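Values in this document were obtained by computation on a predicted structure and should not be read as measured data.
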Amino acid sequence: MARITPNAELAGIDVAFVLVKIGRDQALTKAEAAVGFDLPYSTIKALAKEPGFPLIGDRVFPSDFKLWRRRKTGLQSAPDTAVRSRRPDADKCGVPQLKHG
């Protein structure tokens, strides 16, 4: 039986791809969440067992994780860096207003 090194679960995870998924608020696996949020995989696995952790199946959405973390740490009023301001000409070019959080 092969011994698993601490980072074996993260082998093959493309950091750039994960960051794109986070930017689009696409569902992440626990391994991708570990890479994207710069946390040890063991920490993500432990957090996933906590009540209220926003796991859907075996995936977590970045915005849900950020909201859960803010609530867990008492930072409920912290601004979300993912909020985009509306461009003045957005109505003219058909770009919808995007807001998260």
Side-chain angles (χ1 to χ4, degrees):
M1 180 175 202
R3 183 171 169 241
I4 297 177
T5 61
N7 292 324
E9 299 90 356
L10 307 180
I13 302 284
D14 182 348
V15 177
F17 182 68
V18 170
L19 294 177
V20 167
K21 288 177 76 172
I22 289 173
R24 294 178 179 173
D25 198 30
Q26 294 177 338
L28 306 171
T29 66
K30 287 183 270 188
E32 289 171 335
V35 169
F37 295 120
D38 196 25
L39 295 170
Y41 182 68
S42 59
T43 299
I44 290 290
K45 286 191 338 184
L47 290 174
K49 294 177 183 176
E50 290 191 21
F53 187 82
L55 204 60
I56 299 174
D58 64 345
R59 309 251 173 185
V60 62
F61 286 88
S63 60
D64 293 344
F65 176 77
K66 291 174 186 177
L67 179 61
W68 176 83
R69 183 183 159 275
R70 282 197 303 258
R71 288 180 176 164
K72 187 94 173 151
T73 59
L75 299 173
Q76 296 173 5
S77 62
D80 190 341
T81 57
V83 174
R84 299 179 192 176
S85 61
R86 184 176 181 159
R87 291 186 5 217
D89 62 343
D91 291 337
K92 295 176 187 170
C93 62
V95 176
Q97 181 178 358
L98 299 176
K99 289 195 177 186
H100 299 278

Can you name the nearest heavy-atom pair linking [X] to [Y], along with the distance?
X   : Y   : answer
A33 : I44 : CB-CD1, 4.2 Å
I13 : A31 : CD1-CB, 4.0 Å
L55 : A48 : CD2-CB, 4.0 Å
V60 : P54 : CG2-O, 3.4 Å

List the residues meeting side-chain contact (heavy atoms from CB on, under 4.5 Å) with T43, not counting sequence neighbours, and say none if there are none. P40, L47
Output all residues satisfying side-chain contact (heavy atoms from CB on, under 4.5 Å) with V20, sequence neighbours left out; order by chain, then residue number.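 Listed in chain order: R24.
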By salt bridge (Lys or Arg N to Asp or Glu O under 4.0 Å), K21 pairs with (sequence neighbours left out) E32
Distance col, row F53:CZ vs K72:NZ, nearest 0.5 angstrom, shows 10.5 Å
Knowing that exactly one of V15, I22, D14 qualifies, which makes a side chain to side chain contact (heavy atoms under 4.5 Å, CB included) with V35?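 Considering V15, I22, D14, a side chain to side chain contact (heavy atoms under 4.5 Å, CB included) with V35 is found only for V15.
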Return each pair, listed once, that meets salt bridge (charged side-chain N to carboxylate O under 4.0 Å, His left out) where at least one residue sits in residues 51-64; pairs must be two or more places apart or across chains.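 Qualifying pairs, neighbours excluded: none.
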For the hydrophobic clusters of this structure (ILVMFWY residues joined by side-chain heavy atoms under 4.5 Å, transitively), does one cluster hold both L39 and L28?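 Yes, L39 connects to L28 through the hydrophobic network.
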Among pairs that include at least one residue of residues 20-40, which meet ring pair (Phe, Tyr, Trp, His ring centres under 6.0 Å), considering only residues two or more places apart or in two chains? F37-F65
Does I56 sit in a hydrophobic cluster with other residues, and if so which ones, taking ILVMFWY side chains as linked at heavy-atom separations under 4.5 Å, directly or through other members? F61
